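Structure record follows, encoded as C-alpha cells.
Reckoned from all heavy atoms, side chains included, excluding hydrogens, waters and symmetry mates. Since the model is a prediction, treat every value here as computed from it, not as a measurement.
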Amino acid sequence: MDSPMNQFQEGLGKSLVCIEYPGRVVNVDKMLNTLGGIRSISTAYCEKNRRLELRFRPDDVFCKPACGDKHQVSAVLLKVKVRRKKTDDQVISTKARVVGKIRDVFKFNNLCDFQYLPMHAPPNDPMKMECIYKTLVPEGMAPLSWIHNPAMYFLPPAAFSRMDTVQGYMYRKDAPAEATVPHNIIGRTRRRRSIHAIFVNFDVPEVPKKPRDMALKLLRVKFLEEQHLASVRKLFEERPVWSKYALMCKTKFSNDQLKFLLPSVAFYFVTGPWRVMWVRFGYDPRKDPSSRIYQTLDYRLRRKGGMKTKVKAKRSYTNYLLPYKMTPACQAKVALLNKELPYSSSEASEKSKDGAELYQESNYVFTPGMVPPSRQMFYQYCDVHVPEIQDMIEKVPFPVPDVKCHERDGWLPSGFADQCREIINNLVVETLKTVGPYADDSINLEANTSRKSEGISDSSESEGQDEEEVEDEGVWEDDLDDLQEDETS
C-alpha cells in the first residue's frame, strides 16, 4: 500500500490547467461547449497572450463573449473524499489525494461586453418582441431560396466596448483654439506625436542643421550613453543616408533604442526620392547628384497561386484578431537600461529567433539568388547588389549645374526605377523556381512598374519606416507607431 508521501509525490508529477468557471457546473459537456470546446481551450492555452472566450449562448453567433486571462500560479488540485453516516450525516472519515499541480489558471475577472439580441417588435404589436435569429442565420444546409427570403436589418458591431477592464481616466483641459486639428484632416484620430524627431517634405526650403534640444535630453532620460550616440554618428559620417533596418543590422541596437538615437543625429524624409530614409543633419541630397545611390527603390512583389508560404507580407489583415481575443497590453513602459556597446556576433546569436530576424542583412540588402523577406521592400540603390543595376547607375551621366533634383525621380532618369524593379523581379522569379516544386504556370509574380498602380504617391503623408500591405487591393500604408510616442514619456 502506498504511503501518503508517495501519493503526494505521484500527484505532483501531473500538470493541470485550471479554469475558474464563473458559474455552477452541472453538465460538463455544456460547460465545455460554452468555452468553445477542447480545441478553443487548447488554442487559448498554447498561443501567447490569447484569451479564453466564454459564450453564455454558444449557439448564438451574435453572443459577445466574456474573456478570461491566463495567470501564473503555484497551486495543487486536491480530491477530498468524505464518508458520512446516512442516519445523522456524521463524518466518519476524510481522505485527501493530490490530483496534480497547477501552474496556469484562467480567471474571468473582467467585465462582459454589451449584448444585443436578434429581436424585433412586429408592427401589429410593438410591445411584443419576436426572435428573428432563424431569418438571419440558416440552419444546416439551407437551399438557395433562403437567401431571397425577407429579413430584418440586424448588423451589430464585432465589439461594443473597446476594453473590458476598469480604466482610470485623467481629465485634461481643452486645447487652445490655435492648436486644434484642421477640419480637413482625413484618417487621423490624434495629433502627431513624433518624440521630437524632425520630419521634412521634399519641397522644404532648407534641411535641418541640428536636432531639437528635447531629443538630446531624452537620451539621458532613457539611459542612453554617449557611446550609443557615437556609434550612430560614425555610421552617418561614412554614409549620410540610412534606413532604419540598415542601422539596426549595423549597430545591433533595438528598435526602442534607435527610436531615440536617430532624432539626435538625423532628420526623416517623408516624401521625395529619399522617402522613409534618415538623412544626416546639414546634408541636403537635393543639392548633391552623387546622393542618387542613396535614393529609395520601392520594390513590391505580387504573388498568385501558392506563393504565400514563400514570400509573405509584413502585415496582413487576414490574421487580424478582435481586440478582446488578445490580452490587453496596459503595462507601463520601462526605461532603456541597456548601457552596453553594440552586441557582438556571439551575443547576437544568443538572441531569440524573433529578435534575430530584425538584425539580418536581407532586411535592407538585395543580392541575386535571395528572396525578399516580404512582398514590399524599401531598398537603397547602393544596397542592391545586382551588377546590372550598378552598371546602369554608373552609366547615368551627372546633370549640369542648372538642373534641379526631380521630386519623384531624384537624380536618376525617368523610368529608371521601373527597369530596376523588372530586373529584381526576374531574379526573384528564377530563385523561387529553384527553391520550391512550383510549375511555371503556378508562379506568376509581377512587380509594380508605375507609381499609380502601387496605390501610393510621393506626396502621401507618411512618418514610419515599416509599411503595411492590404492584401488583394494593392494598397499599402506607412506604420506610424514606430515613431509616435507621448512627448511626456
Task: Salt-bridge contact Arg51-Glu53 (side-chain N to carboxylate O under 4.0 Å) - done: no
Task: By ring-ring contact (aromatic ring centres under 6.0 Å, His included) - contacts of Phe106 (at least two apart) - done: none
Task: Check: Asp69/Asn109 side-chain N/O donor and acceptor closer than 3.5 Å - done: no
Task: Rounded distance [0.5 Å steps], CD in Glu361 versus CG in Asp383 - done: 8.5 Å
TODO: For atom CG of Asp391, decide whether the heavy atoms of other residues, nucleotides or ligands shown that lie under 6.0 angstrom number more than 12.
DONE: yes
Open item on the list: Suppose we screen for side chain to side chain contact (heavy atoms under 4.5 Å, CB included). Which residues come up paired with Lys287, at least two apart in sequence or across chains?
Closed with: Glu206, Asp284
TODO: For residues Ile293 and Gln390, determine if any side-chain heavy atom of one lies less than 4.5 Å from a side-chain heavy atom of the other.
DONE: no
- [ ] Considering non-hydrogen atoms only, spot the tightest contact between Met377 and Ser362 and give its length.
- [x] CE-O, 4.0 Å
Open item on the list: According to side chain to side chain contact (heavy atoms under 4.5 Å, CB included), who are the partners of Leu155, at least two apart in sequence or on a separate chain?
Closed with: Tyr153
Open item on the list: Quick check against the 3.5 Å criterion: does Ser374 have a side-chain atom that pairs as donor or acceptor with the backbone of Gln376?
Closed with: yes
Task: Phe378 side chain reached by Tyr299 side chain, heavy atoms, under 4.5 Å - done: no
TODO: Output yes when a side-chain donor or acceptor of Ser40 lies under 3.5 Å from a complementary backbone atom of Gly37, and no otherwise.
DONE: no
Task: Counterpart residues, side chain to side chain contact (heavy atoms under 4.5 Å, CB included), relative to Gln72 (two or more places apart) - done: Asp104
- [ ] Please examine the side chains of Cys420 and Val384, heavy atoms only from C-beta on, and report whether any two atoms are closer than 4.5 Å.
- [x] no
Task: Side-chain (Trp411) to main-chain (Pro399) donor-acceptor, under 3.5 angstrom - done: no
Open item on the list: Using every non-hydrogen atom in the two residues, find where Ala158 and Lys64 come nearest and quote the distance to one decimal.
Closed with: O-NZ, 3.1 Å
Task: Ring center gap for Phe260 and Phe253 short of 6.0 angstrom - done: no
Task: Distance-minimising heavy-atom pair for Ala215 and Ser264 - done: O-OG, 3.4 Å
Task: Test item: side-chain donor near acceptor, Arg275 and Gln295, under 3.5 Å - done: no
TODO: Could you check if a side-chain atom of Ile198 sits within less than 4.5 angstrom of a side-chain atom of Pro263, using non-hydrogen atoms only?
DONE: no
TODO: With Tyr268 as reference, evaluate Trp274, Trp278, Trp242 under the ring pair (Phe, Tyr, Trp, His ring centres under 6.0 Å) test and give the passing residue.
DONE: Trp278
- [ ] Would you please test Leu111 and Thr165 for side-chain contact (heavy atoms from CB on, under 4.5 Å) and show each step?
- [x] CA-CA 6 Å; Leu111 302 174; Thr165 55; over 6 Å; no
TODO: Test side chain to side chain donor-acceptor pair (under 3.5 Å) on Asp113 and Ser161 and set out the steps.
DONE: CA-CA 6 Å; Asp113 199 1; Ser161 302; 3.2 Å; yes
Open item on the list: Using side-chain heavy atoms (C-beta onward) and a distance below 4.5 Å, is Val265 in contact with Leu235?
Closed with: no
- [ ] Starting at CG of Asn49, measure out to NZ of Lys325 and round the result to the nearest 0.5 Å.
- [x] 14.5 Å
Open item on the list: Could you measure the distance from the CD atom of Gln360 to the CE atom of Met248? Nearest 0.5 Å is fine.
Closed with: 11.5 Å
Open item on the list: Can you confirm whether Leu297 sits close enough to Phe366 that some side-chain heavy atom of one is under 4.5 Å from a side-chain heavy atom of the other?
Closed with: no
- [ ] Look up atom OG in Ser231 and atom CG in Leu247, then write down how far apart they are to the nearest 0.5 Å.
- [x] 11.0 Å
Task: Glu20 side chain near Val105 side chain, heavy-atom distance below 4.5 Å - done: yes
Task: Partner residues of Thr367 under the side chain to side chain contact (heavy atoms under 4.5 Å, CB included) criterion, sequence neighbours left out - done: Val365, Met370, His385
TODO: Please name the pair of heavy atoms, one in His406 and one in Asp409, separated by the smallest distance, quoted to 0.1 Å.
DONE: ND1-N, 3.1 Å
TODO: To the nearest 0.5 Å, tell me how far Ile393 CD1 sits from Glu388 CD.
DONE: 11.5 Å
Task: Heavy-atom pair of closest approach, residues Ser243 and Gln380 - done: N-OE1, 3.6 Å
- [ ] Starting at CG of Leu261, measure out to NE2 of His228 and round the result to the nearest 0.5 Å.
- [x] 7.0 Å
Task: Flag for Ser254-Asp256: side-chain donor and acceptor within less than 3.5 Å - done: no
Open item on the list: Keeping Asp288 on the side-chain end and Ser290 on the backbone end, is there a donor-acceptor pair under 3.5 Å?
Closed with: yes
Open item on the list: Could you check, using the six-membered ring where one of them is a Trp, whether Phe281 and Tyr283 have ring centers closer than 6.0 angstrom?
Closed with: no
TODO: Check the pair Asp298 / Arg421 against side-chain contact (heavy atoms from CB on, under 4.5 Å), numbers first and verdict last.
DONE: CA-CA 8 Å; Asp298 186 355; Arg421 294 190 190 102; 4.3 Å; yes
Task: Donor-acceptor contact present, side-chain Arg212 to main-chain Met214, <3.5 Å - done: no
Task: From CA spacing to verdict: side-chain contact (heavy atoms from CB on, under 4.5 Å), Val204, Arg286 - done: CA-CA 11 Å; Val204 66; Arg286 302 170 301 177; 3.8 Å; yes
Open item on the list: Please report whether the ring centroid of Tyr364 lies less than 6.0 Å from that of Tyr245.
Closed with: no
TODO: I would like to know whether Tyr379 and Tyr381 meet ring pair (Phe, Tyr, Trp, His ring centres under 6.0 Å); could you show each step before the answer?
DONE: CA-CA 6 Å; Tyr379 294 114; Tyr381 284 99; 9.9 Å; no
- [ ] Specify the closest pair of heavy atoms between Arg239 and Tyr294, including all atoms of both residues, with the distance to one decimal.
- [x] CG-CE2, 3.6 Å
TODO: For residues Phe269 and Val241, determine if any side-chain heavy atom of one lies less than 4.5 Å from a side-chain heavy atom of the other.
DONE: no
Task: Cation-pi check, Arg292 onto Phe398 ring (under 6.0 Å, within 45° of axis) - done: yes
TODO: State which residues pass salt bridge (charged side-chain N to carboxylate O under 4.0 Å, His left out) with Glu47; sequence neighbours excluded, sorted by chain then number.
DONE: Arg50
- [ ] Check whether the ring centres of Phe154 and Phe62 lie less than 6.0 Å apart, and answer yes or no.
- [x] yes
Open item on the list: I'd like to know whether Leu216 forms a side-chain contact (heavy atoms from CB on, under 4.5 Å) with His196, so could you lay out the CA-CA distance, the side-chain angles of the two residues, the decisive distance to 0.1 Å, and finally the verdict.
Closed with: CA-CA 9 Å; Leu216 299 175; His196 305 288; over 6 Å; no
TODO: Flag this pair as yes if the NZ/CZ of Lys70 is under 6.0 angstrom from the six-membered ring centre of Tyr45 and inside a 45 degree cone about the axis; otherwise no.
DONE: yes
